[in-house]
Amino acid sequence: MHFLTKNHKIRKHGVEYEQIDREWDWDNFLILQAYMAIAAHHFLPFLRAMPFWNPQGLIYLIVLHMGPAEALYYWAHRAFHHDFLFSRYHSLHHASVTLQPSTAGTATFLEHLFLTCVMAIPLLGASWLGKGSILLVYLYILCFDFLRCMNHCNVEVVPMFIFRCMPPLKFLICTPSYHSLHHTETDTNFCLFMPAYDYLANTINKNSWLVHHSIREGQTDRVPDFVFLAHVVDLLSSLHVPFVFRSFSSTPFSTRWFLLPLWPFTIPVMFAMWAWAKPFVHTFYVLRGRLHYTWVIPRFGFQVVFLAICPGRDQ
């Protein structure tokens, strides 16, 4: 929702329709990773009898990620920026300038294959050394994908005080603004999650922390040229919004079976909005240089009819 993120947006321009179409199949890599996981489980005996949890495996996992996995990704990423590989493979990912989480999964088959191998290094290493566990596998994969999506979210979510209190974290935490600079100045900021490798190889963008500081300080909100007022029609259609089901919201609304179990959860939200909510900015887009806002009036269709019949009830 734009009203929550507008003051910390990295790039103010909206996402173009061409980018939405290009990133439509962003989740294809999940199929590849599932097949590779099945193959690994079948051919590697040490993956078949892992305990549910082994806390020692976490130490092995962190060491293997910070060392071999991060280093391999850094140097391979730099290789993908050479003319031959970039024009044939990596340019698809860099075609998106205004980043969004789905951009993280938009890449070619070769890049997905390579990234899956990078993910496998800490997991297979810890398991081969006898310290792997089922929970460790799921935690690592979820954290890995979460951090990649966060770095492509186009909102600076990492506060400045973290780096003020512990300056060494600048070498360990890649922020969304840090990675966004890689998409605008492609010869800098190559790291996966740890800027330490950019520092060591002298490929860090000199403005990385200035940009982070300026965005986290907050930005003045531009006055829109046009405002479209909207309200929710009914309980089921309230689920037709991007932050609930992004793919479903991109198609014309119709009642689907997977909406019915969620229907009861909309009732307390409706009463909460009626009691406390005020009109808020839901989405925006820029058309021919003019800023358009969609403001949502926190009332459902039947509430609007009720207020029309009984004026003064909602003042």
Side-chain angles (χ1 to χ4, degrees), residues 1-17 19-21 23-24 26 98-103 146 149-150 152-157 159 176 215-216 218-315:
M1 290 181 285
H2 184 60
F3 77 97
L4 290 174
T5 61
K6 61 182 179 179
N7 290 333
H8 301 298
K9 283 275 188 181
I10 298 169
R11 181 175 167 82
K12 290 292 188 179
H13 297 281
V15 178
E16 301 288 344
Y17 290 115
Q19 179 177 339
I20 296 174
D21 293 337
E23 297 179 355
W24 184 257
W26 66 271
T98 302
L99 305 184
Q100 54 181 352
S102 59
T103 308
F146 171 79
C149 290
M150 184 193 77
H152 291 84
C153 71
N154 196 38
V155 180
E156 188 47 84
V157 296
I215 294 174
R216 285 303 304 177
Q219 306 169 67
T220 56
D221 194 20
R222 174 182 166 186
V223 177
D225 299 287
F226 296 94
V227 171
F228 175 74
L229 293 177
H231 66 80
V232 187
V233 178
D234 55 36
L235 294 174
L236 274 182
S237 66
S238 66
L239 299 172
H240 193 244
V241 287
F243 56 83
V244 178
F245 293 110
R246 191 173 184 84
S247 58
F248 173 57
S249 69
S250 65
T251 61
F253 175 77
S254 60
T255 301
R256 308 288 181 87
W257 65 268
F258 56 81
L259 297 179
L260 300 180
L262 299 176
W263 181 83
F265 295 99
T266 63
I267 297 176
V269 174
M270 176 194 68
F271 284 112
M273 291 174 63
W274 197 350
W276 297 295
K278 298 179 180 179
F280 58 90
V281 181
H282 179 242
T283 56
F284 80 100
Y285 62 92
V286 179
L287 182 62
R288 296 179 181 177
R290 298 185 179 275
L291 179 61
H292 300 245
Y293 273 177
T294 298
W295 286 2
V296 173
I297 301 173
R299 299 293 181 267
F300 286 66
F302 71 90
Q303 293 173 312
V304 175
V305 174
F306 174 75
L307 294 175
I309 297 174
C310 305
R313 291 279 184 176
D314 198 43
Q315 294 181 1

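What you see is a predicted model; the values in this text were computed from it and never measured.
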**Message:** Measuring from atom OH of Tyr293 to atom NZ of Lys6, what distance do you get when rounded to the nearest 0.5 angstrom?
**Reply:** 5.5 Å
**Request:** Not counting sequence neighbours, which residues clear ring-ring contact (aromatic ring centres under 6.0 Å, His included) with His292? List them please.
**Result:** Phe226, Tyr285
**Request:** For residues Pro101 and Cys153, report the shortest heavy-atom separation together with the two atoms involved.
**Result:** CD-CA, 4.0 Å
**Message:** Under the rule for side chain to side chain donor-acceptor pair (under 3.5 Å), what residues qualify as partners of Gln100, not counting sequence neighbours?
**Reply:** Glu23, Ser102, Arg246
**Item:** Whether over 12 other heavy atoms sit under 6.0 Å from Phe146 CZ
**Value:** no
**Request:** For Thr266, check side chain to side chain donor-acceptor pair (under 3.5 Å) against everything at least two apart and list the hits.
**Result:** none
**Message:** Quick check for you: to the nearest 0.5 Å, what is the distance between Ile215 atom CD1 and Ile10 atom CD1?
**Reply:** 5.0 Å
Show me the donor-acceptor pairs within less than 3.5 Å that the side chains of residues 234-242 make with the rest of the protein, sequence neighbours left out.
residue	atom	partner	partner atom	Å
Asp234	OD1	Leu236	N	3.3
Asp234	OD1	Ser237	N	2.8
Asp234	OD1	Ser237	OG	2.9
Ser237	OG	Asp234	N	3.0
Ser237	OG	Asp234	O	3.1
Ser238	OG	Leu235	O	2.4
His240	NE2	Phe248	O	3.3
His240	NE2	Thr251	O	2.7

**Item:** pair Ser249-Val244: side-chain heavy atoms closer than 4.5 Å
**Value:** no
**Complete:** Heavy-atom nearest pair, His13 first then Thr98, reads O-CG2, 3.2 Å
**Message:** Quick check: closest heavy atoms across Pro176 and Glu156, and the distance to 0.1 Å?
**Reply:** CD-OE2, 3.3 Å
**Request:** Check the surroundings of atom CZ in Phe271: do more than 12 heavy atoms from other residues, nucleotides or ligands lie under 6.0 Å from it?
**Result:** no
**Message:** Among residues at least two apart in sequence or on other chains, which ones pass ring-ring contact (aromatic ring centres under 6.0 Å, His included) with Phe265?
**Reply:** none
**Prompt:** Sequence neighbours excluded, which residues qualify as ring-ring contact (aromatic ring centres under 6.0 Å, His included) partners of Phe228?
**Reply:** none
**Request:** Quick one: pull up CZ in Phe245 and CZ in Arg256 and give me the separation to the nearest 0.5 Å.
**Result:** 11.0 Å
**Message:** If you define the side chain from C-beta out and look only at heavy atoms, does anything of Lys12 sit under 4.5 Å from Leu291?
**Reply:** no
**Rounded distance [0.5 Å steps], NE2 in His8 versus CZ in Arg216** = 4.5 Å
**Message:** Rounded to the nearest 0.5 Å, what separates atom CZ in Phe280 from atom CE in Met273?
**Reply:** 5.0 Å
